[in-house]
Amino acid sequence: MSPSLPSAHINEYKARTIAFLVLLTVGGYLLTYLIALPALLVLDFGLRSFDLGKFSPFGLISERLVQALNLGVKPVFYPPKRFAAQVGLVFSITIVILHYLGISTLLVAGVLGFFAALESLASICAGCYVYNFLLPVWQKLKGGA
């Protein structure tokens, strides 16, 4: 059993492994154009975006990979990762819509794959940077200023 994480945190190794699975799925889609692959991304990002990550197919696979590879636990703040998943959900829905409209998905899928590669291979979460940049704005709006 892995050590428990502090409240409002997730395991960075799990997040990076999930990002690698996203990268593989986007790559598979770009090679095959099978609509089931971005549909799977919509499902997975959707579950993780709405705090249902315990049901996420990529999350379940990732958890087992992290345990099997004995990567351990490295806590990272959860809200920016959830925001990044919400951005991924928008990209995935856009891919599905463009696919059904017969419009090229190469750019949108390529951008999603690029950011998944940054997260999984270099531990750079672009969505997290955007979240942290926007946080003061959201707090100001919330405060009624």
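Below, each value reflects all heavy atoms present in this structure, side chains not excepted, and no hydrogens, waters or symmetry copies.
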_Applying side-chain contact (heavy atoms from CB on, under 4.5 Å) to Leu112 and Leu41, what does each step give before you reach the verdict?_
CA-CA 11 Å; Leu112 180 59; Leu41 291 172; 4.1 Å; yes
*Hey, mind stepping through Tyr131 and Trp138 against side-chain contact (heavy atoms from CB on, under 4.5 Å) and telling me if it holds?*
CA-CA 10 Å; Tyr131 175 90; Trp138 291 329; 3.5 Å; yes
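Grouped with Leu69 in one hydrophobic cluster are Tyr13, Val66, Leu71, the linkage being side-chain heavy-atom contacts under 4.5 Å among Ile, Leu, Val, Met, Phe, Trp and Tyr residues. Through direct or relayed side-chain contacts under 4.5 Å between Ile, Leu, Val, Met, Phe, Trp and Tyr, Phe77 connects to no other residue. Cluster partners of Val90, using a side-chain heavy-atom cutoff of under 4.5 Å among ILVMFWY residues and allowing indirect links: none.
Within the 4.5 Å cutoff, the side chain of Asp44 has no heavy atoms near those of the Ser92 side chain. Residues Phe115 and Val22 form no side-chain contact, since every pair of their non-hydrogen atoms from C-beta on lies 4.5 Å or further apart.
The heavy-atom pair separating Ala116 from Ala19 by the smallest distance is CB-O, 3.5 Å. The two atoms that bring Pro79 and Ala8 nearest to each other are CD-O, 3.9 Å, heavy atoms only. The two residues Val96 and Ala39 have their closest heavy-atom pair at CG2-N, 4.0 Å. Nearest heavy atoms, Ser120 versus Leu23: OG-CD2, 4.1 Å.
The same ILVMFWY cluster, assembled from side-chain heavy atoms under 4.5 Å apart, contains both Leu37 and Leu107. The hydrophobic clustering, which links ILVMFWY residues whose side-chain heavy atoms are closer than 4.5 Å, places Val76 and Leu121 apart. Using a 4.5 Å cut-off between side-chain heavy atoms of Ile, Leu, Val, Met, Phe, Trp and Tyr, with links allowed through other members, Leu34 and Leu31 fall into different hydrophobic clusters. The hydrophobic cluster containing Ile10 does not contain Leu65, counting ILVMFWY residues as joined when their side-chain heavy atoms lie under 4.5 angstrom apart, directly or transitively. When the side chains of ILVMFWY residues are joined at heavy-atom separations under 4.5 Å, either directly or via intervening members, Leu118 and Phe91 end up in a single hydrophobic cluster.
Note: Gln86 CD to Phe50 CZ = 6.5 Å, rounded to the nearest 0.5 Å. Here the straight-line distance linking atom CG of Leu43 with atom CZ of Arg48 works out to 10.0 Å at 0.5 Å rounding. A distance of 9.0 Å separates CG of Leu89 from OG1 of Thr94, quoted to the nearest 0.5 Å. For the atom pair Lys81 NZ and His9 NE2, the distance stands at 11.5 Å (nearest 0.5 Å). In this structure, Leu21 CG and Arg16 CZ are separated by 13.0 Å, a value rounded to the nearest 0.5 Å. Atom CZ of Phe45 is separated from atom CG of Leu40 by 10.0 Å, given to the nearest 0.5 angstrom.
Among residues two or more places apart in sequence or in another chain, the side chain to side chain donor-acceptor pair (under 3.5 Å) test is passed with Asp51 by Tyr78, Arg82. Scanning for side chain to side chain donor-acceptor pair (under 3.5 Å) contacts around Thr105 gives Tyr29, with sequence neighbours left out. With sequence neighbours left out, Ser49 forms a side chain to side chain donor-acceptor pair (under 3.5 Å) with no residue at all.
The backbone N or O of Pro75 lies less than 3.5 Å from no partner atom in the side chain of Asn11, so there is not a single donor-acceptor pair.
Classification of the His99-Tyr33 ring pair by plane angle, with boundaries at 30° and 60°, yields parallel.
The side-chain contact (heavy atoms from CB on, under 4.5 Å) with Ile95 is formed by just one residue from the set Val42, Leu106, Val108, Val26; it is Val108.
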